[in-house]
Amino acid sequence: MGNICGLFGKSRQAFYKQKNINHQSALEMAIVLEKAVQIRASQKQLGTKKLHRILSQTLQHHKIKLGRDRFFNLLAENGMLLRKRKRKKYRLLILIIPSKSTQI
């Protein structure tokens, strides 16, 4: 492994450190996703910002640092974002057909 790492300009220590960081990060994201799914099961239309605010206590308990934007990206990668609702646009259409010349 030392020779392969040397070809890429990295030490074995750096390789294994990065491997451990990736593994730990994956575990943390799994915890966050599990909690988000639990909360969304009971409140289906809960937005990302409010969901992050609710999860902040759990994140602090597990000592996970996860900002709002990173949380947003995590939900997007896993298809858990809510779709924006389209609002109906009402148009008021009034047609007045003059019947006399003084109505113009």
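Remember, it's a predicted structure, so these values are computed and weren't measured experimentally.
- Interatomic distance, Q60 CD to T58 OG1, rounded to the nearest 0.5 Å: 9.5 Å.
- Both I54 and L66 belong to a common hydrophobic cluster when Ile, Leu, Val, Met, Phe, Trp and Tyr are linked at side-chain heavy-atom distances under 4.5 angstrom.
- Interatomic distance, L55 CG to I64 CD1, rounded to the nearest 0.5 Å: 9.5 Å.
- To the nearest 0.5 angstrom, L75 atom CG is 12.5 Å from R70 atom CZ.
- Looking only at distances, no side-chain donor or acceptor of R68 sits under 3.5 Å from a matching main-chain atom of T48.
- For the pair V37/M80, a side-chain contact is recorded, criterion being any heavy-atom separation below 4.5 Å from C-beta on.
- When all heavy atoms of L81 and A76 are compared, the pair lying nearest together is CD1-CB, 3.5 Å.
- Among pairs with a residue in residues 20-44, none fulfils ring-ring contact (aromatic ring centres under 6.0 Å, His included), at least two apart in sequence or across chains.
- Atom NZ of K35 and atom NE2 of H62 lie 5.0 Å apart (nearest 0.5 Å).
- With rounding to the nearest 0.5 angstrom, the NE2 atom of H52 is 6.0 Å from the CG atom of L59.
- Between atom CD of residue E77 and atom CG of residue L33 there is a gap of 9.0 Å, rounded to the nearest 0.5 Å.
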